[in-house]
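Quick notes on the structure that follows.
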Amino acid sequence: MSETKFGLDTFGDVTVNDAGVPTPAHQVIRDVIAQATLADQVGVDAIGLGEHHRDDYAISSPDMVLAAIAGQTSRIHLGTAVTVLSSDDPVRVYERFATLDAVSNGRAEITLGRGSFTESFPLFGYDLEQYETLFNEKLDLFSKLLTEKPVHWQGTHRAPLHGANVYPKTAAGRLPAWIGVGGSPESVIRSVKYGIPMALAIIGGDPARFAPYVDLYHRAQDEIGRDRMPLSAHSPGHIAATDERAREQLFPHFKANRDRIGAERGWPPTSHDDFLNEADSGSLYVGSPETVARRIASTVQTLGLDRFDLKYANGPMPHDQLAESIELYGQTVIPMVKDMLAR
């Protein structure tokens, strides 16, 4: 297995100051740029920005924020977590990220998904009854655009393309891409079918429960004779000097985020016991650098990951606490995980 890479993800959660007052979205976006710049400086391999169209997340146009980050960084890879392909035009998406690739000197990548929220569908005039068809057709078109060859394509949601070229072309000849997968066999097979690597969104429960999907991922590649594709996973977490401090800092913001979403989806309120169960044995990587490193190394080994992304923003946690977590992740956690994996 190639050397494991380590990234960070954020949705641009609207933060609060020390008095609990929400930060304006324009400042949150500037803070995200600063966080990504810090991540670049402390050795993190990649930063992923989520796309949302609601008031608790500030980033609705990840590629614009990533372009700003590109101008202030030199090595970190710049991607999404995720791009909601279903409610966008694949051609325009490809053009934007090929442009980002040029701006960043070859550091752009993209993670494609349906998104876990649906606000973008009515906002851009798409029918939620076509949820499956929109994603399947647009992914099919995007997979052809990745070849950077003339595209012949026909579907039901847009005009067909007959030998269309899309510009600019990337210097490498192909834009790195992932498909975000929540854990269904159909999604795993789709990733292999299109030859776009799988990024598992593991946001709850024991990470080992995803082992059957990883096995299916590899078996499907073997069955069609495809070269081995990399495998990534993304999970939430927070790092501070001690376990107690990290948990104390994260819990109120984690609960606020989960309870707000839960109120929309019919989930019960998140209890402190729920939080502790996820922190102890689930998919919440919260604690001291040693604790988080040990749990990340275990997940990487259990699932055979080529990349692990820590979703470092989870609710309205203040910017300075996020920055401390990023610094500890890059300077302490990542080297510790690499050492554990090398033993």
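Every heavy atom of this structure was used, including side-chain atoms; hydrogens, water molecules and symmetry mates were not. Small disclaimer: the values here were computed from a predicted structure and weren't measured.
Counting only residues at least two apart or in different chains, salt bridge (charged side-chain N to carboxylate O under 4.0 Å, His left out) contacts with residues 332-343 comprise Glu3-Lys338, Asp339-Arg343. Evaluation of the side chain to side chain donor-acceptor pair (under 3.5 Å) test over residues 193-211, restricted to residues two or more places apart or in two chains, returns Asp140-Tyr194. Screening residues 266-289 for salt bridge (charged side-chain N to carboxylate O under 4.0 Å, His left out), with sequence neighbours left out, gives Arg247-Asp280.
Residues Leu139 and Ile110 share a hydrophobic cluster, clusters being chains of Ile/Leu/Val/Met/Phe/Trp/Tyr side chains in contact below 4.5 Å. A continuous path of Ile, Leu, Val, Met, Phe, Trp and Tyr side chains, each step under 4.5 Å between heavy atoms, connects Leu38 with Ile59, placing both in one hydrophobic cluster.
Hydrophobic side-chain contacts under 4.5 Å tie Phe124 into a cluster, directly or through other members, with Phe121, Leu123, Tyr126, Leu128, Tyr131, Leu134. Side-chain contacts under 4.5 Å among hydrophobic residues (ILVMFWY), followed directly or transitively, place Ile261 together with Phe11, Tyr57, Phe117, Trp267.
Side-chain contact of Asp31 with Gln35: a donor-acceptor pair under 3.5 Å is absent, judged by distance alone.
For the side-chain contact (heavy atoms from CB on, under 4.5 Å) test, residues two or more places apart in sequence or in another chain that qualify with Ser61 are Asp63, Met64. Residues satisfying the side chain to side chain donor-acceptor pair (under 3.5 Å) criterion with Glu223, sequence neighbours excluded, are absent altogether. Lys149 meets the side chain to side chain donor-acceptor pair (under 3.5 Å) test with no other residue; sequence neighbours excluded. When the side chain to side chain donor-acceptor pair (under 3.5 Å) test is applied to Thr73, the partners found at least two apart in sequence or on another chain are Arg107. Looking at residues two or more places apart in sequence or on another chain, you find a side chain to side chain donor-acceptor pair (under 3.5 Å) between Glu290 and Ser288.
Pairing each heavy atom of Ser191 with each of Pro197, the nearest pair is OG-C, 3.6 Å.
For an aromatic pair to be called close, the ring centres must be under 6.0 Å apart, and Tyr285 with Phe308 satisfies this. Ring-centre distance between Tyr312 and Tyr329: not below the 6.0 Å cut-off. Taking the centre of each ring, His272 and Phe251 come in below the 6.0 Å mark.
Using a cut-off of 4.0 Å between Lys/Arg side-chain N and Asp/Glu carboxylate O, Glu95 and Arg92 are scored as salt-bridged. Comment: Glu109 engages Arg307 in a salt bridge, judged by a side-chain N to carboxylate O separation of less than 4.0 angstrom. Of the charged side-chain nitrogens involved, at least one lies within less than 4.0 Å of a carboxylate oxygen, so that Arg228 and Asp306 count as a salt-bridged pair.
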- request: Determine, stepwise, if the pair Gln249 / His238 fulfils side-chain hydrogen bond (donor to acceptor under 3.5 Å, both in side chains).
  value: CA-CA 9 Å; Gln249 287 179 344; His238 176 66; 2.7 Å; yes
task: Please test Thr156 against Glu137 for side-chain hydrogen bond (donor to acceptor under 3.5 Å, both in side chains), starting from the C-alpha separation and ending with a verdict.
output: CA-CA 8 Å; Thr156 61; Glu137 287 196 2; 2.8 Å; yes
Side chains of residues 39-47: which donor-acceptor pairs under 3.5 Å do they make with residues two or more places apart or in other chains?
residue : atom : partner : partner atom : Å
Asp40   : OD1  : Arg75   : N            : 3.1
Asp40   : OD1  : Ile76   : N            : 2.8
Asp40   : OD2  : Ser74   : N            : 3.3
Asp45   : OD2  : Phe6    : N            : 2.8

Which atom pairs, one a donor and one an acceptor, fall under 3.5 Å between side chains of residues 166-176 and the rest of the protein, sequence neighbours left out?
residue : atom : partner : partner atom : Å
Lys169  : NZ   : Glu148  : O            : 3.1
Lys169  : NZ   : Asn165  : OD1          : 3.1
Lys169  : NZ   : Val166  : O            : 3.2
Thr170  : OG1  : Glu148  : OE2          : 2.7
Thr170  : OG1  : Gly173  : N            : 3.0
Thr170  : OG1  : Arg174  : N            : 3.1

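When the shell of 6.0 Å around CZ of Arg245 is examined, it contains 12 or fewer heavy atoms from other residues, nucleotides or ligands.
Among the candidates Trp153, Trp178, Tyr94, the single residue satisfying the ring-ring contact (aromatic ring centres under 6.0 Å, His included) test with Phe142 is Tyr94.
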